[in-house]
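What follows is a single structure, written as structure tokens, with notes after it.
Here is the naming used below: chain letters follow the sequence lines, and residue numbers restart at 1 for every chain.
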Amino acid sequence: MNTRHTTVALTALAVLSMGCASGASYAGGYAAPRTVDHTATVAGVSGIGIESQDLVQVSDRMVRDLMATPAFMNTTRPPRVIIDDTRFRNESNQMLNLALVVDRLRIELMRAAQGRLLFVSRQNVDLVERERTLKATGRVDGADATKRSIAGADYMLIGRIASQTSTSSGTGARANYFQITFEMVDLNSSLSIWGNLYDLKKAGADDRIYHQQ
Amino acid sequence: MTASITSSRQLRGLIVACTLLAAPLHAQHGDDSVLRALLHGMRAFASADTAGARSSFTLATDAIAGIWGGSAEAASARRLWGSEANKPFRGEAWERMMAFFYRGLVALQDGDLGVAQAAFRLAVQQDAFAEEEQHRSDVAAPLYLLGVALQAQGSTGAAAEAFSQLHRLRPDLPRLEATAPSPRLLLIVETGTAPRKVSDGINADRLRIFRGRGFEERRVRVQTGTGDVQELWPMEDVLWQATSRGGRPFDFVLRGKARFADASADNGSAFGGLGQALAFQGLAQQSNGSEASLRVGGAMRTTGSVLEGVGAATQLVGAMVNAAADVRYWDNLPDAVHLLPLDLPPGPHRLRVTFRTVDGRDLPELSRDTTVTVLPRRTASQLVWISSRTRASTYLSRGR
């Protein structure tokens, strides 16, 4: 064995030993994380909550369903309804602006109903009363309407958003199940004349680097 | 021989130089916008800047609640040379829990009960991700406030469920009725300073959490204008939440990196020693003077030099490994949260809050006097928040 062969053999042995050392101890290797949606606020972060497109879809479906309900729509006098957020309850894990949901529902329903439903704006009664007072005192023109009663409502739309969350600390997977319920309550009889529910599920898994913990 | 020793010294110098050069890279942090939002939010909340607290905590909680996929920074944290601190900061379970807790408090102040209950619900859920089964969802303060927010918005069924869960967790607290009116006034007093994250071990790969420093107060009492003195309910020990979380899967990665670094250092040292011994043997062989001895001795010296080089390179690789745990933390959190509902009649009331050590010694220098005007009945409970300590952040004062 000459000098060159001896050198090459010993060096190869050393390099092989180093390779063995590196392969033995590093615990790496991860599956690619699964994500849904792409509404990112921090790079790589996406949502598993109720998104704006979900609300649009839900309100569209609700309006179509409500407009196709004969007991509600086929009346000689257009029913008067209250649709505001006073009886919409958020019992979910979503920090939602409920006014956004309810306003969209009301406006969509107004446009679809084309006069077959009348909408009572109960939250603005103080506004009406102030204007009536101004008219009655003659400070602004218009007929004195203080003797006339303010429009009463026949129905009120109530609703609730609830959620159920399941998690797996082992895989970092999380799933949110949402259920959005609507009911139309007859304000004279307290009967619930219409109801429907919409559900959606969102799931995803955090990158393993964020696994809990 | 002289050449071999010189090259060995040069290589060792190279290791030191590379380690020093790598130090700033090791000190680099990934995206910490969530951490900064939490620190700013806390500071704003403590100084009664509700708008600032709302925007900061909303930013932070919106991000935390999402799914955190793999970013380039997160991938670099997994590499041998990358620090865990390269990953975007999301906080540990207790930090995430507290983020939603404060977001809920801001929403309660705003009277936005839907958002408040959602935030407290998410605070409870953050804790449910803790690994240890017996410590799942053992957070009392967010659970209580979840019940209060649901109670105020008329969700009595859900409120009863929250109060029932709280009662199972804390049977020492008075039994709460979901159908009763929500408390008119909620007094929340926070004591102490934030739990500290410290890296431990030769490779700084072990994340350890210690109680904050520089405070003794552990118990709180309040005296209302009428003279009644009541002990506040100790609702949340933040350190307990921090240390009962179990291990993290990423801890195994850090340990793997540390073992690799240690093995590289040992192997490098062994190769270096072997190389030096071989070089000495080669020199001795050459001193025989024969042609064959000169040839064999030369080969041994060359091999010795190569092995020394391999050893130095192996040590260099080991020195470049970064197994350090991420020790960024939310440093202006309290140590504990105390709470008491007060049903005071509408009008101004003077409250005197006093602090005591765990063994009941008074700390008069920390006492706080405040006057609160209880409003006529409104849907959401009115909040009075007091902290025994300032909410200054070392992290923010360093200008990071």
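Inter-residue side-chain proximity for A:Glu91 and B:Arg121 is flagged as met; some heavy-atom pair is nearer than 4.5 Å.
Atom CD of A:Gln164 is surrounded by 12 or fewer heavy atoms from other residues, nucleotides or ligands within 6.0 Å. Atom CD of B:Glu161 is surrounded by 12 or fewer heavy atoms from other residues, nucleotides or ligands within 6.0 Å. Residue A:Glu108 places its CD atom among more than 12 non-hydrogen atoms of other residues, nucleotides or ligands, all under 6.0 Å distant. No more than 12 heavy atoms of other residues, nucleotides or ligands shown are found within 6.0 angstrom of CZ on A:Arg160. The environment of A:Arg111 atom CZ is sparse: at most 12 non-hydrogen atoms of other residues, nucleotides or ligands sit within 6.0 angstrom. Within 6.0 Å of CZ on A:Arg104 lie more than 12 heavy atoms contributed by other residues, nucleotides or ligands.
Contact tally against chain B (heavy-atom pairs below 4.5 Å) for A:Asn97, A:Asn93, A:Leu96: the top residue is A:Asn93. Comparing B:Gly154, B:Ala158, B:Ala270, B:Ala116 by how many heavy-atom pairs each has under 4.5 Å with chain A, the most go to B:Gly154.
Between the CG atom of B:Leu122 and the OG1 atom of A:Thr165 there is a distance of 7.5 Å, given to the nearest 0.5 Å. Between the OG atom in A:Ser166 and the CD atom in B:Gln125 there is a gap of 10.0 Å [rounded to 0.5 Å].
Interface residue A:Gln94: only backbone heavy atoms are found under 4.5 Å from chain B. For B:Phe100, the part lying near chain A is the side chain, with the backbone staying farther off; criterion is any non-hydrogen pair under 4.5 Å.
Residues A:Met95 and B:Thr61 come closest through the heavy atom pair CE-OG1, 3.7 Å.
Judged by distance alone, with hydrogens and angles left aside, the side-chain atoms of A:Arg89 form a donor-acceptor pair with the main-chain N or O of B:Gln153 at under 3.5 Å.
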